[in-house]
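What follows is a short report on a single structure.
Throughout, a chain's letter reflects where its sequence line sits, starting with A, and its residues are numbered from 1. Values reported hereafter were calculated over all heavy atoms of this structure, with side chains retained and with hydrogens, waters and symmetry mates removed.
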Protein chains: 4
Amino acid sequence: MTEQARRAQIIAAAIEVVAELGYQATSFKRIAQRAGLSSTGLISYHFKGKQELVDEVFAEVLRRFTTFVLDRLDRADTAAGELRAFLSANLRFMAAHRAEAVAFLRLRPHVSEREVAEGDHRKMADLLRAGQAAGEFRDFDPDIMSIFLLALRTGVLTRAADDAAVDIELCERELLIAVELATRR
Amino acid sequence: MTEQARRAQIIAAAIEVVAELGYQATSFKRIAQRAGLSSTGLISYHFKGKQELVDEVFAEVLRRFTTFVLDRLDRADTAAGELRAFLSANLRFMAAHRAEAVAFLRLRPHVSEREVAEGDHRKMADLLRAGQAAGEFRDFDPDIMSIFLLALRTGVLTRAADDAAVDIELCERELLIAVELATRR
Amino acid sequence: MTEQARRAQIIAAAIEVVAELGYQATSFKRIAQRAGLSSTGLISYHFKGKQELVDEVFAEVLRRFTTFVLDRLDRADTAAGELRAFLSANLRFMAAHRAEAVAFLRLRPHVSEREVAEGDHRKMADLLRAGQAAGEFRDFDPDIMSIFLLALRTGVLTRAADDAAVDIELCERELLIAVELATRR
Amino acid sequence: MTEQARRAQIIAAAIEVVAELGYQATSFKRIAQRAGLSSTGLISYHFKGKQELVDEVFAEVLRRFTTFVLDRLDRADTAAGELRAFLSANLRFMAAHRAEAVAFLRLRPHVSEREVAEGDHRKMADLLRAGQAAGEFRDFDPDIMSIFLLALRTGVLTRAADDAAVDIELCERELLIAVELATRR
DNA sequence: AATGAATGAGGTTTCATTCAT
DNA sequence: AATGAATGAAACCTCATTCAT
């Protein structure tokens with residue numbers, strides 16, 4: 001088996017275990033069992049340590065998340081449209097890729113480089129500034145509003161992660177309305 | 001020393017440790033050191049197990065949090081006013097009682113009865129419904145809006161917990177405006 | 001069992017294991033077996049880590065070694081006499097306390113503070129200087145001669161540790177003569 | 001690549017690693033990294049096990065050491081002269097080939113056949129006996145004096161290995177004087 | 001009520017060695 | 001001859017919990 005394939009297999013198993021049992025209960029032993037590996041030594045063979053594994057798992061999830069969102073962003077031609085598309089895509093990711101979304105939320109506090117886990121803030125603030133410059137948004141503080149919008153994103157995802165009964169489509173509709181009201185000129 | 005006093009002492013130490021080092025690094029050993037206890041056995045003696053300790057610590061923090069917030073809710077005579085007071089009080093709790101607030105955020109995912117950690121939702125939804133009945137709020141889904149508002153509360157607190165440089169008063173002002181816009185009739 | 005007694009027991013077991021199997025093969029598991037402990041965790045309970053254990057074991061051996069030697073030093077009234085007594089006592093320690101002596105040699109390279117393991121050099125050089133000042137010794141470089149004398153001490157002990165057939169009393173007589181010739185005025 | 005060349009390459013890397021990091025930290029992994037090998041399996045392929053590798057590395061270092069010393073022994077025409085040349089050459093080996101000298105000292109305790117590591121003793125005793133027969137040396141026990149002289153050799157080298165600031169030439173001069181005094185008729 | 005030593009399971013990690021290719 | 005992934009034992013260490021005193 002090739003290095004890349006094995007790493008991918010381990011990462012996939014880790015995502016599942018984290019999503020099901022949470023970060024705390026995610027041990028090398030459980031990942032190895034889930035992946036059908038013969039020993040935990042194999043994980044150490046492919047990853048320098050637990051932190052590297054966590055970082056790579058998170059990076060992989062983030063990559064899929066980002067790709068998913070970006071794919072749904074290109075059609076937007078206004079800042080407000082882009083913001084709507086961003087929020088919609090975020091919620092839909094939970095519906096379409098539950099395990100990854102849950103793993104994303106659970107791993108975030110344990111990623112070694114905080115920057116990676118919070119990479120969205122700057123981009124979001126820039127988008128808001130652009131929308132203000134274009135006259136689409138009212139005159140709020142873009143850095144603070146960025147905190148609000150990402151808090152909404154994360155909070156709704158967390159709620160959906162905790163309670164599978166949450167109606168994500170309904171959340172999406174209501175969220176778009178509320179954000180529109182809170183940001184428009 | 002009385003049973004109650006001992007438990008309070010242990011809980012106080014646990015709050016500090018959780019706030020400083022996070023849930024993961026919070027072991028009986030560290031709590032005992034912080035509290036100046038002679039043995040971790042003393043913790044096991046007063047609490048049935050780690051989960052009970054965690055639950056009680058969270059309950060205690062939640063009690064203080066709730067008291068703090070309720071104290072600032074009395075004066076409100078409208079639903080919108082109460083909502084504003086609730087949000088303000090929440091943010092101010094972080095400024096006034098940082099350790100408790102951080103412990104609250106860090107313990108929440110590990111509390112055994114989910115109900116406890118999310119007790120706010122029903123009350124918030126009821127408040128929103130009352131406001132809608134009184135014609136103060138527009139016609140959103142109160143359960144969903146409740147998710148949003150608590151997501152904002154938690155997200156802003158989390159951000160402030162991670163980054164002490166966040167200007168909580170500015171957040172408060174902007175948050176009240178945004179929520180007003182998103183909820184008013 | 002009291003803390004002190006347990007530590008002493010573990011240290012005693014460690015001395016035996018190191019003397020018999022060498023540093024490399026000295027694991028917590030083997031020490032625990034030798035001491036009749038239920039688990040290696042007990043060692044970690046009494047010593048912060050392996051390095052602390054090693055350091056304490058060495059310190060204990062060194063203490064016994066030093067006491068043994070000092071007890072045989074006080075009768076000397078000249079520097080040359082003290083030097084002879086020192087060398088004699090060193091060799092006799094091997095004969096009288098073989099396990100400690102072997103452990104001393106085997107642990108020395110792994111002690112964390114080099115200073116401790118090489119504490120003799122300064123004192124030896126001082127003794128040599130005193131002897132030169134008193135006209136007992138010829139005009140060698142005392143720091144270098146100190147290296148030679150301790151090299152002789154260590155080398156002979158090492159030889160005796162490796163080969164139990166070495167006649168230590170004969171070594172002692174010959175060593176005193178050789179050192180006398182090499183150092184006298 | 002030829003078998004012999006590969007073994008030599010591995011041995012060379014092992015010498016460096018042992019000299020730099022000590023025996024304990026010398027793993028197949030580090031040797032492979034140092035040698036630029038693709039896998040630790042290659043080491044196992046060329047050496048039956050770790051012990052064989054250690055033995056061969058030591059044998060190789062010993063060979064170079066011996067050659068170096070023997071090259072400087074030819075000119076001596078008396079036993080005393082040969083002894084002086086031997087000691088000088090030993091100290092100079094450290095100055096000229098530090099890595100090999102340090103590896104020699106660090107590997108010696110781990111060589112499987114003790115005989116190899118202590119091969120010098122018999123030859124040294126023979127030299128001493130010859131010197132006594134020729135009337136150059138006084139009437140000491142040659143086997144014991146052999147222990148002393150090799151202890152001096154090893155001790156000084158060890159000291160120089162631990163502390164690069166030791167002045168080897170000064171040691172050499174002082175050593176020759178001391179040994180002359182201790183052995184001459 | 002309190003102590004503090006003891007327990008044993010479980011964690012991550014390193015290691016020499018093996019094996020299919 | 002070489003590769004590099006795989007193996008499984010063994011290492012040290014931390015943990016919550018138990019228990020005799």
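- Distance, D:Met1 CE to F:dA2 P: 8 Å, rounded to whole Å.
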Please enumerate all protein N or O atoms sitting under 3.5 Å from an N or O of nucleotides 14-17 of chain F, with distances to 0.1 Å.
| unit_1 | atom_1 | unit_2 | atom_2 | d |
| --- | --- | --- | --- | --- |
| F:dA16 | OP1 | B:Lys50 | NZ | 2.9 |
| F:dA16 | OP2 | B:Phe28 | N | 2.9 |
| F:dT17 | OP2 | B:Lys50 | N | 2.8 |
| F:dT17 | O4 | B:Thr40 | OG1 | 3.2 |

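- Ion pairing of C:Glu3 with C:Arg6 is absent here, as no side-chain N (NZ or NE/NH1/NH2) approaches a carboxylate O to less than 4.0 Å.
- With C:Phe47 as the aromatic partner, C:Arg7 meets the cation-pi criteria of under 6.0 angstrom to the ring centre and within 45 degrees of the ring axis.
- When rounded to the nearest whole Å, the span between CG of B:Leu37 and P of E:dA5 equals 15 Å.
- For A:Arg6, the side-chain atoms get nearest to F:dA6 when compared with the rest of F:dA6, F:dG4, E:dT3.
- Residues D:Asp55 and D:His110 are not in side-chain contact: their nearest non-hydrogen atoms beyond the backbone lie 4.5 Å or more apart.
- Pairing of F:dA20, defined by two Watson-Crick or G-U wobble distances under 3.5 Å, is identified with E:dT3.
- Atom pair A:Gln9:CD and F:dA6:C1' shows a separation of 12 Å (rounding to whole Å applied).
- When rounded to the nearest whole Å, the span between CD of A:Gln4 and C1' of F:dG4 equals 15 Å.
- Rounded to whole Å, the distance from CG on A:Leu42 to P on E:dT12 is 15 Å.
- Between C:Arg7 atom CZ and E:dA6 atom C1' there is a gap of 16 Å when expressed in whole angstrom units.
- We find that CD1 of B:Ile10 is positioned 8 Å from P of E:dA2, with the value rounded to whole Å.
- The side chain of A:His46 contributes an N or O atom lying less than 4.0 Å from OP1 or OP2 of F:dA6.
- Atom CD1 in A:Ile43 sits roughly 8 Å away from atom P in E:dT12 (whole-Å rounding).
- Within 6.0 Å of the CD atom in B:Glu113, the count of heavy atoms belonging to other residues, nucleotides or ligands does not exceed 12.
- The environment of CD in A:Gln4 is sparse: at most 12 heavy-atom neighbours from other residues, nucleotides or ligands sit within 6.0 Å.
- Between D:Glu20 and D:Arg34 there is a salt bridge, since at least one side-chain N of the basic residue sits less than 4.0 Å from a carboxylate O of the acidic one.
- Between C:Phe104 and C:Phe65, the ring planes lie perpendicular to each other; the angle is over 60°, past the 30° to 60° tilted range.
- Nucleotide F:dA11: paired with E:dT12 (Watson-Crick or G-U wobble, both distances less than 3.5 Å).
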